[in-house]
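Take a look at the structure set out below.
Hydrogens, waters and symmetry mates are skipped; everything else that's a heavy atom, side chains included, is used. Naming: A, B, ... by sequence-line order, numbering from 1 per chain.
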Amino acid sequence: MAAATQGTAIRTGRVARTFIYLVLLLFALFYMLPLYVMLVNSVKPLSEITGGGMMNLPEIWTVEPWRKAWSEAQIGVQPTGLKPYFWNSIKMVVPAVAMSTILGALNGYVLTKWRFRGDTILFGLMLFACFIPFQIVLIPMARVLGVLGLAGSTWGLVLVHLVYGIGFTTLYFRNYYAAFPTELVRAAQIDGAGFFQIFWRILLPSSGPIAVVSIIWQFTNIWNDFLFGASFAAGNGAPMTVALNNLVQSSTGVKEYNVHFAGAILAATPTLLVYIVAGRYFVRGLMAGSVKG
Amino acid sequence: MGFLDIRNATKSYGAVEVLHNVDINVEEGEFLVLVGPSGCGKSTLLNMIAGLEDITSGDIAIRDRVVNGVHPSKRNIAMVFQSYALYPNMTVGQNITFGLEMHGVPKPEREKAMAEVAKLLQIEELLGRKPGQLSGGQRQRVAMGRALVRKPDVFLFDEPLSNLDAKLRVDMRTEIKKLHQTLGTTIVYVTHDQIEAMTLSTRIAVMNDGYVQQLGSPKEIYDNPANLFVATFMGSPSMNLIQVKLRVEAEAAFADTTDDQGGKVSLPVCGASAALKSYKGQTVTLGLRPEALTDVEGADHRSDHVEKVQSMVTVTEPAGSDTFVTTTFGGTNCVARMRADADVHPGQRAEFAFNMEKAVLFDPKSGKRIV
């Protein structure tokens, strides 16, 4: 009888598992659908889209919409395509991610290994940065950027994202370093390493997983940000997201859906790439930070 | 003036004083062990010597140079940590030479020093590996190599063997002792293991509640404990403590107690001092190590003060080399260390030999030794 029950269990298990996988596959397809629509329609001539049949494969394959979105589309005054704005975003995101990650790591290092009176309160205050809605800081931030002479520039955006991101990166690194053995820091002190030498030579080389988390998180947030970009960097300094919006929202002329689709995919590619390359470290790093500390 | 002087050092966290007026002078080449239960302040004291904790008041001097407030790296000390604290991202070789690199020693000299230490500790084949690929014993060696390569004035060990399994711990203990004998270095070593303290040290400081309870050679600490804490903390099985009534007759003093059946047992105390006689008629605590309470054949033949007493055996524990026999005197359980083949059986009476030369007496209220 026991054997029969076991056999039943195995059989029902198999049935259940098949069912679960089917459902999962269905959901996966459902979520992939928008990407499919975007890809398919970005390689069709406009006439095929306006003629209906959004789900159909193209009859005539063309890369023209991609070329147009990248280098010809009318976004600002000149028909430049998304290209300059893409580089704007890169110029914004790379320094902002690098600086916020390094400063977050430094903060985490100080908050766990060079503790001082009131450090937990300071850390608590820094965490506020994670919870303050973007909209609240718009006007004060505009004033600050104006005073610093950074209004409307890419460096202004870098500063905004840096300030906003430090709360998160500090949180990540603090929790990660809380589990890092303090004896190592003490050993390095006795060995004669200074504050920054301990940081560069001992802590940072062991921070791979959490650095990946910080980079993915910061990259995705900064790249995808629209509000700060639209508020603080108008015109030629605008990041990719703002340019894409300008492209899609233009109220004159024919709506070139194929170009819009191509532009949207271009705008989404970098974050997708970052996640594909470093994604498996992401979950690992998040767990490491959350379980201990 | 010693090599390492700790003068009246105290440590407070806020209003709480955790280390009270510690005075220890360590001579060059000495192996000082700080031993005591958890929270006794031994690690705090070690960290104060290392410079990882501030000194609240008093001085610590190494080679007559007061080092209060001097950075750990400038004290010419090296430390071996309980967790070894090897840098996980560096190879064994880099771990060993990191301190030299930080002190600006040129590369060829670093390599030479590393090779010497690696040879001494027999870890040459491990130099290219990462700490994660090493066993506990190998990590221990690397941690010692990292300390040795600096040729410091003082070595500090913070419970270095407590993460090893029992057999390896005994092996490494011997290695450390051997190393100390060959190199003649000055070592301060923290442990909670009294056997480590006894076997390794040239001097022991027994600590409890932030006080140094007794400072002396292992033999002094073991044979002449200053108080009940030291007497019971050091030695395994721990010292037998029997409540006795002190009887004084002319020049001689006797410790009166009872055997298992309530029969009177009178043990003559050797060399009764005036201080002891002042306890006449009072109850005092008689301390006797298990090896001073043994079978008659196993008793120390050089001792002139062996007293033979019959008592009931309650438990026997053969430990291979010895047999531990439990019996009752004065209403308390006593452990006797008998020869392995002593003919004793539970439930039978046996003859116990008290070596009264080794007996010590304590004031039961203050816990202090009566001398």
Side-chain angles (χ1 to χ4, degrees), chain A residues 101-102 105-106 108-121 172-173 175-215 281 284-285 287-289 291-293, chain B residues 13-14 43 46-53 67 70-91 94-105 110 130-132 139 142-150 152-160 163:
Chain A
T101 299
I102 286 175
L106 258 178
Y109 168 50
V110 171
L111 286 171
T112 52
K113 304 298 171 210
W114 297 83
R115 306 203 47 181
F116 49 90
R117 193 178 286 271
D119 56 355
T120 44
I121 297 171
Y172 292 147
F173 278 98
N175 287 352
Y176 189 76
Y177 289 153
F180 191 87
T182 303
E183 280 196 344
L184 282 174
V185 176
R186 295 189 148 192
Q189 271 180 290
I190 291 176
D191 270 345
F195 177 86
F196 283 105
Q197 277 170 323
I198 294 174
F199 181 60
W200 284 112
R201 300 285 303 272
I202 314 289
L203 263 84
L204 266 195
S206 310
S207 310
I210 204 69
V212 168
V213 169
S214 175
I215 287 169
Y281 298 103
R284 219 183 285 166
M287 298 307 286
V291 177
K292 296 165 194 163
Chain B
Y13 293 106
S43 286
L46 193 77
N47 285 337
M48 282 159 71
I49 300 171
L52 299 169
E53 300 253 19
V67 292
V70 174
H71 190 270
S73 65
K74 306 228 158 64
R75 296 185 177 202
N76 205 16
I77 47 126
M79 189 153 168
V80 176
F81 291 88
Q82 182 174 3
S83 67
Y84 318 132
L86 301 177
Y87 310 126
N89 53 304
M90 300 183 198
T91 63
Q94 288 166 329
N95 259 288
I96 291 174
T97 55
F98 184 72
L100 295 177
E101 188 191 336
M102 290 296 118
H103 281 81
V105 176
R110 294 205 306 256
K130 291 274 174 73
R139 284 181 207 186
V142 175
M144 292 211 294
R146 193 169 65 178
L148 284 171
V149 79
R150 302 252 320 269
D153 289 334
V154 181
F155 283 93
L156 306 174
F157 286 80
D158 190 2
E159 307 212 13
N163 281 357

Under a 4.5 Å heavy-atom cutoff, which of Met90(B), Glu101(B), Lys74(B) has the most pairs with chain A? Glu101(B)
In a check of side chain to side chain contact (heavy atoms under 4.5 Å, CB included) between Val185(A) and each of Ile190(A), Ile202(A), Ile198(A), Thr112(A), which one passes? Ile198(A)
Report the distance from atom CG of Asp158(B) to atom CE of Met79(B), rounding to the nearest 0.5 Å. 4.5 Å
Exactly one of Trp200(A), Phe195(A), Phe180(A), Phe196(A) clears ring pair (Phe, Tyr, Trp, His ring centres under 6.0 Å) with Tyr109(A), and that residue is Phe195(A)
Is a side-chain donor-acceptor pair under 3.5 Å present for Ser207(A) with Tyr177(A)? yes
Portion of Ile77(B) that has a non-hydrogen atom of chain A nearer than 4.5 angstrom: both
Toward chain A, the part of Ala143(B) with a non-hydrogen atom under 4.5 Å: neither
Whatever's closer than 4.5 Å to a heavy atom in chain B on Gln197(A) counts as side chain
salt_bridge(Asp191(A), Arg150(B)) N-O dist < 4.0 Å: yes
Considering only heavy atoms and a distance below 4.5 Å, find which of Ser206(A), Gly194(A), Ala187(A) pairs most often with chain B. Ala187(A)
